[in-house]
*Asks:* 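Supplied in structure tokens, the structure appears directly below.
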There are 2 protein chains.
Amino acid sequence: MPRPRTPLLDRGRIRAAALAAVDRDGLAGLSMRRLAADLGVQAPSLYSHYRTKDELLADVADDIVSAVDVGDFAADWVGGLRTWARSYRAALAAHPNLVPVHAAGPARRAAALERADAVHGGLVGAGWPPRYATMIGASTKYLVLGAAMSSFARGFEDDVQVYLDRYPHLDQAHRLREHAEEIDADSFELALDAFLRGLAELHARVRV
Amino acid sequence: MPRPRTPLLDRGRIRAAALAAVDRDGLAGLSMRRLAADLGVQAPSLYSHYRTKDELLADVADDIVSAVDVGDFAADWVGGLRTWARSYRAALAAHPNLVPVHAAGPARRAAALERADAVHGGLVGAGWPPRYATMIGASTKYLVLGAAMSSFARGFEDDVQVYLDRYPHLDQAHRLREHAEEIDADSFELALDAFLRGLAELHARVRV
DNA sequence: ACCTGAACACCGTTCAAGT
DNA sequence: ACCTGAACACCGTTCAAGT
């Protein structure tokens, strides 16, 4: 096979194909060989563009985080946090199989670091002591990552018999799956609302 | 090799070795071959006791969940939630590499289902409508799983140079790692406190 | 019933060779 | 510079054979 005039691959095409494969087959279902096959090349060709599979996945995750909105801290910090959390959760929930990669932290991923920087700056600018800004950033991330990854509703089986008899309070649990998306979204909104409400109370006390 | 008088393996020993291996090498580092070697047998021997690696991991996860305390709902639901969330987070954080397995949901794991049942019953018994009880259970699980898995503080590098210049508000981020445990624990307490405070406000409104 | 060696169909990654 | 085939050191799981 002669080397083609224009390269067969580039990093963008590899990322797009990897994301599609992870959405389709799950994180465990992604292999460099299958990904290469999707792109019409052999597996080792990928290593001309990405040094490892992990580096590729980190880059895919950073693409997704680019859609997260941290621009609402100017007016008030509660609104800034709410916009951040909602857009963060929406971005992650669109590709739930990739959430474990986000969980690894920003480390050296540029888009993720820019967001962490903006959130911290927004909170400190609103009067939160740096230590609290760190904790609030962490807390919100816990909520978003937990919500995006764990899909409470999808964690139950839809077979009634599994829960009947032994778990009296779970007699409706088999119905969770069919409304999973709605329940997960509503649960996240409830959690965010309660959390921000509690934070606002705390804010008054911390400023003195 | 003759078959020994007493079996070399049993499910309990396999689970204990698997948990130790996951704590040591991470979830990705666990292989049935290495696990078998740790136990002094060949890999296929494991399949006389567990049908698949996934089934083994689900069982290990269920062992861990057995330590979670859901017995505090009798007096008041806020205290019940707090005890549940704290003991849940502590149990998971003791084996953070295993959190993705917990994230898969209770499904058919007995200990996990008993806890889900008790939490739902406790909340409904305290006057929450079933729909809210579901959402509160989900919300709390988001917080716990997110906190146990993502370790906000460990997500940053401890090299100063990585963040300097480009991310002005992250100028202290390289210090996060050395206080990671404390920061993660405090952040979780802050989140739980704010969340419960907000829920208490909501409770008053929902009961009318 | 429980354990073994051999085998099947996979992995991520490296490397010398081709253009 | 980019892609290839071959190879290395692994995987989870199955299965016939042993006791």
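Keep in mind it's a predicted model, so treat the numbers as computed, not measured.
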*Asks:* Taking the nucleotide of DNA chain D with the closest heavy atom to each, which residue, A/Val41 or B/Pro44, is nearer the 5' end?
*Replies:*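 Mapping each residue to its closest nucleotide by heavy atoms, the 5'-most match is A/Val41.
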*Asks:* List for me each residue that meets salt bridge (charged side-chain N to carboxylate O under 4.0 Å, His left out) alongside A/Arg34, sequence neighbours excluded, and say none if there are none.
*Replies:*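 Partners of A/Arg34 under the salt bridge (charged side-chain N to carboxylate O under 4.0 Å, His left out) test: A/Asp25.
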*Asks:* Separation of B/Asp25 atom CG from D/dC11 atom P, in whole Å?
*Replies:*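 The answer, rounded to whole Å, is 11 Å.
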*Asks:* Closest approach to the side chain of B/Met32, judged atom by atom: which nucleotide of C/dG5, D/dG12, C/dT14 is it?
*Replies:*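 Selected nucleotide (nearest to the side chain): D/dG12.
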*Asks:* I want to verify a distance call: between D/dT13, C/dG5, C/dC11, whose nearest atom is closest to the B/Gln42 side chain?
*Replies:*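 Per side-chain heavy atoms of B/Gln42, the pick is C/dG5.
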*Asks:* When you get a sec, tell me which of C/dC15, C/dC3, C/dA6 is the closest nucleotide to the side chain of B/Leu9?
*Replies:*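 Selected nucleotide: C/dC3.
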*Asks:* If you measure from the C1' atom in D/dA7 to the same atom in C/dC11, how many Å do you get, rounded?
*Replies:*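 Comparing C1' positions in D/dA7 and C/dC11 gives a spacing of 14 Å.
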*Asks:* Does the pair A/Asp72/A/Arg86 count as a salt bridge with the N-to-O cut at 4.0 Å?
*Replies:*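 Salt bridge absent between A/Asp72 and A/Arg86.
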*Asks:* Nearest to the side chain of B/Pro7, heavy atoms from C-beta on, is which of C/dG5, C/dC3, C/dG12?
*Replies:*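 Per side-chain heavy atoms of B/Pro7, the pick is C/dC3.
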*Asks:* Determine the contact category for A/Leu30: base if any of its heavy atoms lies under 4.0 Å from a base atom, sugar-phosphate if only primed atoms, P, OP1 or OP2 are that close, otherwise nothing.
*Replies:*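 Result for A/Leu30 = sugar-phosphate.
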*Asks:* If a pair means Watson-Crick or G-U wobble with both distances below 3.5 Å, what does DNA chain C look like in dot-bracket form, with | marking bases paired to a different strand?
*Replies:* ||.|||||...|||||.||
*Asks:* For residues 45-55 of chain A, which residues have at least one heavy atom under 4.0 Å from DNA chain C?
*Replies:*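 When residues 45-55 of chain A is checked for heavy atoms under 4.0 Å from DNA chain C, the hits, listed by number, are A/Tyr47, A/Thr52, A/Lys53.
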*Asks:* Atom CZ of B/Arg33 to atom C1' of C/dC11: distance rounded to whole Å?
*Replies:*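 The distance from CZ of B/Arg33 to C1' of C/dC11 comes to 11 Å, rounded to the nearest Å.
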*Asks:* Is A/Arg82 salt-bridged to A/Asp193, cutoff N-O under 4.0 Å?
*Replies:*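 Judged by the 4.0 Å cut-off on N to carboxylate O distance, A/Arg82 and A/Asp193 do form a salt bridge.
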*Asks:* Is it true that the NZ or CZ of B/Arg177 lies under 6.0 Å from the centre of B/Phe156's six-membered ring and within 45 degrees of the ring axis?
*Replies:*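 Ring-cation test returns no.
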